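See below for the structure under consideration.
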Amino acid sequence: MRTTGTWSVGACRRLGAAGSAAAAAGGWAVGTLPARDPWGLWVPHGPVVTAAGYALAYGGLTLLVVSWWLYGRAGASVRHSLVTLVWWAAPFVLAPPLYSADVYSYIAQGAMVSEGHDVYGTGPSVLDPAGPGGDAAASVGGHWTETPAPYGPFFLVLARGVAWATGGTIVPAVLGLRIVALGALALIAWALLHLAREHGRSAGAALWLGALNPLLLMHVVGGVHNDGLMTGLMLAGAVLALRGRWITGAALIGLAMMVKSPAAVALLFVGVVVGRAATGPLVRRVAKGLLGPGLVAGAVAVLATLLGGTGFGWLGTQSVAGRIHTALSVSSDLGLGLGELLRLLLGTDPDPVKSAVQNLGLLVALVLIAVLARRSWTGRTEPVHALGLALLVLVALSPMVQPWYLLWGTAVVAATAGEGRVRNVVAVLSAALVYETQPSGSTPPYGFVLAGLACVAGFLLLRREAAARAAAVVPGPRRPENAGGGAEEVGADAAEVGAGSEAGASTGARGV
């Protein structure tokens, strides 16, 4: 059994499972509880239980993060990693929603579609408080109550099915959508294994960063965010495209777009895969790459919209989330600061300044994405790896950033990036951003302090590991210049290094 220091993979698994169980147990007291639960299961408790809940939730979260970090250095097999994923995800299955109230919006919007409301023209407040989805609408966060749905018709059809099957009752509706999230998790794990093999990377290391990631477990399984479904469909589409089945792959990406629109970025890089594999003149190959996947995904989007009966209003609601300021958005923070400064100096309205800086950030993101596409076309970067980098760029420069948005690109680079800076950065950020929000879904100031401390701790650990690896490399004795058999010795050394490289490759990645 592989170990890291004094910790075996089995010990890491058990420690992480204990952390997940504690975090889930704490969620029953301090999770994102509904405003009304007719079953009386997910209800607020007194101050003593609440304090104990926070202790369990944060203690369990920290235990899970530490276990995950150690597990990534233990060299676990693929089979062991998949079983560990089940162990760590299982405690969240029956827990109340954690870290976000978005699932209540999903239920309410599903009920709106079921009752014939224009989900792209109004918010959940139109629902009858005593009718299907009424309890979910009452539990939606304040500024989202009047906000139209920013999600695509495919996801809203799924939400409508759950709302119809459960009558919009809180507990079964949340559990129904959690089943969808668990299916997305399984799809992500499947895609990670195949993408890692396509890129010659360690499948175990891909599962560690892309599926066992605490940020994913907390926000996709615990928080029931539909970003997991978008990511799973997008990754599956990329796998099929790499195998030459690009039409089916583009169709899956089209479905991912009909969950959340950022999946559309994948079409550009799938187009690169298609264009590079095509034959004939350059113009024909470029045209096939640019138009082929886009036309397939566009047809899927139109078909999903028509069959879903929601209308094409989703085309006009993609920017609604950007109206809400999130402190993780660099462009929004810079725009707000510059706008307020100009207001103090010149008396100008700060809102247009903030909007201009946000748009500038998106423009820079588009330019960088185009550069990545160009690099992948010329063979300097693998197209799917470039997709992961592009999604990370998009999140970094987006006008609205939530902690779980990091998962879009992380799931891709988990399977395509070797050991190095990219994996290190996303691993540390994954461990840090789980602290940014409370289990109740609010974002307290101390959340940023905890996230900052986790970042510092993560990078210090990485430096310590790098120093330990450097110290372990002991140079051999210098050979006399006039020693005989030099050519034979060099040849023997090269053979030894080659054998060592093959042995190292067979063990898989052992670190970040």
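All values reported here derive from a predicted model rather than from experimental measurement.
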Nearest 0.5 angstrom please: [X] [atom1] to [Y] [atom2], how far?
X: Leu177; Y: Leu182; atom1: CG; atom2: CG; result: 11.0 Å
X: Ser100; Y: Met218; atom1: OG; atom2: CE; result: 14.0 Å
X: Leu267; Y: Leu387; atom1: CG; atom2: CG; result: 9.5 Å
X: Leu229; Y: Met234; atom1: CG; atom2: CE; result: 11.5 Å
X: Asp102; Y: Asn226; atom1: CG; atom2: CG; result: 7.5 Å
X: Leu127; Y: His117; atom1: CG; atom2: NE2; result: 5.5 Å

Tell me the closest heavy-atom pair linking [X] and [Y], and the distance in Å.
X: Ala138; Y: Ala35; value: O-CB, 3.6 Å
X: Tyr99; Y: Leu61; value: OH-CD2, 3.6 Å
X: Arg423; Y: Gly418; value: CD-O, 2.9 Å
X: Trp144; Y: Ser105; value: CB-OG, 4.3 Å
X: Ser81; Y: Leu207; value: CB-CD1, 3.9 Å
X: Ala24; Y: Pro91; value: CB-O, 3.2 Å

Please list all pairs meeting ring-ring contact (aromatic ring centres under 6.0 Å, His included) that have one or both residues in [range], counting only residues at least two apart or in different chains.
range: residues 408-444; value: Tyr405-Trp408
range: residues 164-189; value: none
range: residues 223-266; value: His219-His225, His225-Trp404
range: residues 437-462; value: none

Looking at Arg245, I want to see if its CZ is surrounded by more than 12 non-hydrogen atoms of other residues, nucleotides or ligands under 6.0 Å.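 Atom CZ in Arg245 is not crowded, with 12 or fewer foreign heavy atoms closer than 6.0 Å.
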Residue pair [X] / [Y], side-chain heavy-atom distance below 4.5 Å:
X: Glu198; Y: Arg243; answer: yes
X: Gln402; Y: Thr437; answer: no
X: Leu195; Y: Leu242; answer: yes
X: Tyr58; Y: Leu450; answer: yes
X: Leu252; Y: Leu235; answer: no
X: Leu406; Y: Ser430; answer: yes
X: Met258; Y: Tyr151; answer: no
X: Leu156; Y: Gln109; answer: yes

Does any donor atom in the side chain of Gln438 or Ser442 lie under 3.5 Å from an acceptor atom in the other side chain?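 Yes, side-chain donor-acceptor contact under 3.5 Å.
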Does a donor on one side chain and an acceptor on the other come within less than 3.5 Å for Thr84 and Arg13?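 A donor-acceptor contact under 3.5 Å links the two side chains.
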Show, in sequence, the C-alpha distance, side-chain angles and deciding distance for Phe155 and Trp314, and conclude whether the ring pair (Phe, Tyr, Trp, His ring centres under 6.0 Å) test is met. CA-CA 12 Å; Phe155 178 72; Trp314 57 270; over 10 Å; no
Among pairs that include at least one residue of residues 180-192, which meet side-chain hydrogen bond (donor to acceptor under 3.5 Å, both in side chains), considering only residues two or more places apart or in two chains?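 Residue pairs passing side-chain hydrogen bond (donor to acceptor under 3.5 Å, both in side chains), neighbours aside: Trp190-His194.
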Could you name each residue pair satisfying side-chain hydrogen bond (donor to acceptor under 3.5 Å, both in side chains) that touches residues 29-50, not counting sequence neighbours? Arg36-Asp135
Quick one, Trp88 with Trp68, criterion ring pair (Phe, Tyr, Trp, His ring centres under 6.0 Å). Give me CA distance, side-chain angles, the key distance, then yes/no. CA-CA 10 Å; Trp88 290 4; Trp68 172 72; 8.5 Å; no
Begin from the C-alpha positions of Leu217 and Val434 and carry the test side-chain contact (heavy atoms from CB on, under 4.5 Å) through to its verdict. CA-CA 10 Å; Leu217 293 174; Val434 291; over 6 Å; no
